[in-house]
Amino acid sequence: MPLPPHLSPQLWQEALTRLRAAVGPDALFTADEDVTLYRDAYSPVWGEPEERQASAAVAPNSTDQVQAVVRIAHHFGIPLFPIATGRNLGYGGSAPNLSGSVIVDLKRMNRIIEVDDKRHFAIVEPGVSYFDLYRHIQERGLDVWIDVPDPGWGSVMGNALDHGVGHTWSSYRDHFGSHCGLEVVLPNGEVMRTGMGAMSSAKTSGDFRYGFGPYVDGLFAQAGFGIVTRMGIHLMPRPECFLHRRVLAYRRQDIVPLVEVANKLEDAGLVGMPLYESPMFGAQFADKALRDIATASDVWNGNAIDRYAAEKTMPAWQLGLSFYGPAEVVEASWRHAQAQFAKAIPGAKFETIETLRFPLSPQAEEEALHKVLIGVPNLNIFAIGARSATNPEPADGHLLFSPMVARSGEEVMKAQRLFTEGMREMGTDFPMSYGPFTAPFTWMPRIFALTTGLPVSRSDPKVNQRSRETMRKLIELGARHGYGEYRTPPLFQDQVMGTYDFNDNALRRFCETLKDAVDPKGIIAPGRGGFWPRAMRKEA
Amino acid sequence: MRWFLLAAALSSAPALAADAEPQGQAIFIRNCAPCHGPGIGNPGENQKPGTAALAAKYGGKLPALLEERRDLTPELVAFFVRNGATVMAPYRKTEISDADLVALGAYLSRNNPKFSGRKIRKTS
Ligand SMILES: Cc1cc2nc3c(=O)[nH]c(=O)nc-3n(C[C@H](O)[C@H](O)[C@H](O)COP(=O)(O)OP(=O)(O)OC[C@H]3O[C@@H](n4cnc5c(N)ncnc54)[C@H](O)[C@@H]3O)c2cc1C
């Protein structure tokens, strides 16, 4: 494995001795077979010189130990890269921005400090996974729900710190947005608490996020300003009832009123995450006639799609709506929603998908259709990409391209066309990527993500080269049209940060100024977020 | 008992505690079952993703459920845990320690008639 940059082998050995003494011999990993486990399993540069690999990993189990690790790293000038559960697959896994960094693996810090089911928050350490927090709540019969991303094995904190997202109400599914108060070990080894935690006598760090003065929490997400050791997160009260209902719309243009009405319902607090899909996406792989329509150059005018929809009675779009609350309230909200959609979309149809009352029996929970919509962590999403009858030769993972698109039907259709034609021009044909049936994801409230996955391989570098090149071109193409990435693997972070170019990249320059002041030696995750301390900047 | 000690001394693997299988089962439930257990997946998927993947891989020649396999060895289990397979990422030692892995291997190979560890414990 690589050594930390600019460190002699003797000093490296000395640093390892001190790290071992700080965390104990079982919590320092230096053998190749152990450190290799921190490679990004979905790396698009697997086994190539560009792959960023760690020199070692250290697994402190307390804030004190994190401080000791940071102080040692500071003394020797060793870059660290903190991970919580390190399952950031598709966005970089557990590998650092800078080769030779020491991974600070916080999985062993897995205490749930507090769950308050009257004031609705939890305080957790980095290693607490969604599965852990869910189990804790269930075992104690607490009256709160969590909001989960698709894979339940990730960390409540790690996910939030990469601006991760979930699937329920808008105020909860933006996970960083719903965090409340951090405890952070700064690059010099000092501990700081933010929000109300900054007042040592306060008992409200999980309730009120601002405290007094500048709100600095944002500096600790997608950035290397410190290692977060504790985080509060707001939870929602467990609702009485969940309804999942569906609106079916039969013309391509219907996406415009569909989005308008859904936006209004959601922003008024009447529905949870709108779940957009096109039944034609899957159907195109079963019916060649539909695939031909999808790939024809005039598909964008919608005529052929509308004809096909009418002929087959197949919706061009469907929208899943989630309602949470008392039975009479959610039924009334659904009646209201139907009236709004019926008025805006002639011919719209409605379907009942699921009605649940809580608490669920274990059997009912297992049978729940879409568990993430009701805050139940699981790993079912890996069906996408795993081997199956229809995917007998699966890829080894995916590189995720996630451009953010304004929440309107017009923008969705514009972005679909841009990325579909763009990929065609690149000569890249991933049929599952973009096309006229690509539906927007609404994980992040108030914005659409037109996320797609590009295949990666641990055995075929050609697959990776193609995905890498496609990714770079897609980032550039998107940015030319105002579609910025909300997160990306380390390999692309410099490029993505570069696309946020207003006023000669004033944002990046400001981050660099802060980095130079707070962490001039680049001890914490240098390069994370696409900015570097002066000594490591390319122009330096 | 002598048998057990002798075999444990001969093999380089750590001796298996009597409760290795239940411990391994707990590790399986926690880490593996969400993909490789029984049960259903997301809408349209009648199996968990890992179970569906192995059903597709073996086409009925071997059980799709890992817990029903009779051919698994601790070494094979350890290989997949530490190397992953297709979209399954490997598990690090802070997630499944070497000791946990021994217990998991014992649990998943408990049905394998050729797995000597099993025989050892039976005769001990
Ligand atoms: C099939 C699939 C589906 C997915 N679905 C979703 C989804 O629905 N929603 C979603 O958000 N993501 C999704 N992802 C992406 C990713 O898997 C999850 O976001 C996952 O939760 C992130 O990994 P983690 O929780 O282990 O965080 P980590 O990998 O531990 O952390 C993520 C990053 O945050 C930073 N960080 C972590 N801990 C600290 C700390 N203590 N101090 C400072 N910085 C820190 C580091 O830069 C780290 O790289 C999906 C991925 C795949 C492959």
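To find a chain, count down the sequence lines: A is the first, B the second, and so on, and within it residues start at 1.
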**OP:** Carefully, step by step, assess B/R92 and A/D105 under the rule side-chain contact (heavy atoms from CB on, under 4.5 Å).
**Re:** CA-CA 10 Å; B/R92 292 179 282 271; A/D105 176 349; 4.2 Å; yes

Side chain / backbone / both / neither for [X] at chain B, heavy atoms under 4.5 Å:
X      : answer
A/I83  : side chain
A/F131 : side chain
A/D26  : neither
A/A59  : side chain
A/T85  : backbone

List the atom of [X], the atom of [Y], and the distance in Å for their closest heavy-atom pair.
X     : Y      : value
B/P90 : A/A41  : CD-CB, 3.9 Å
B/T86 : A/A395 : CB-O, 3.6 Å
B/G39 : A/E366 : CA-OE2, 3.3 Å
A/R87 : B/A89  : NH1-CB, 3.4 Å

**OP:** Could you tell me whether the side chain of A/Y42 reaches within less than 4.5 Å of the side chain of B/V87, counting heavy atoms only?
**Re:**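 B/V87 vs A/Y42: side chains touch.
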
Original post:
Quick one: are B/R30 and A/D132 in side-chain contact, heavy atoms under 4.5 Å?
Top reply: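 When only atoms from C-beta onward are counted, A/D132 and B/R30 do touch, with a gap below 4.5 Å.
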
Subject >> Per-residue contacts, residues 61-80 of chain B versus chain A, heavy atoms under 4.5 Å >> reply: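 Listed by number: none.
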
Original post:
Top residue by heavy-atom pair count (under 4.5 Å) with chain B, among A/R39, A/H370, A/K371?
Top reply: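 Sorted descending by pairs with chain B, the first entry is A/H370.
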
Look up atom [atom1] in [X] and atom [atom2] in [Y], then write down how far apart they are to the nearest 0.5 Å.
X      : Y     : atom1 : atom2 : answer
A/L369 : B/I40 : CG    : CD1   : 7.5 Å
A/R387 : B/L54 : CZ    : CG    : 8.5 Å
A/S388 : B/Q47 : OG    : CD    : 10.5 Å
A/L89  : B/M88 : CG    : CE    : 11.5 Å
B/K93  : A/Y38 : NZ    : OH    : 9.5 Å

Original post:
Is it the side chain or the backbone of B/A55 that comes within 4.5 Å of chain A heavy atoms, both, or neither?
Top reply: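 Neither part.
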
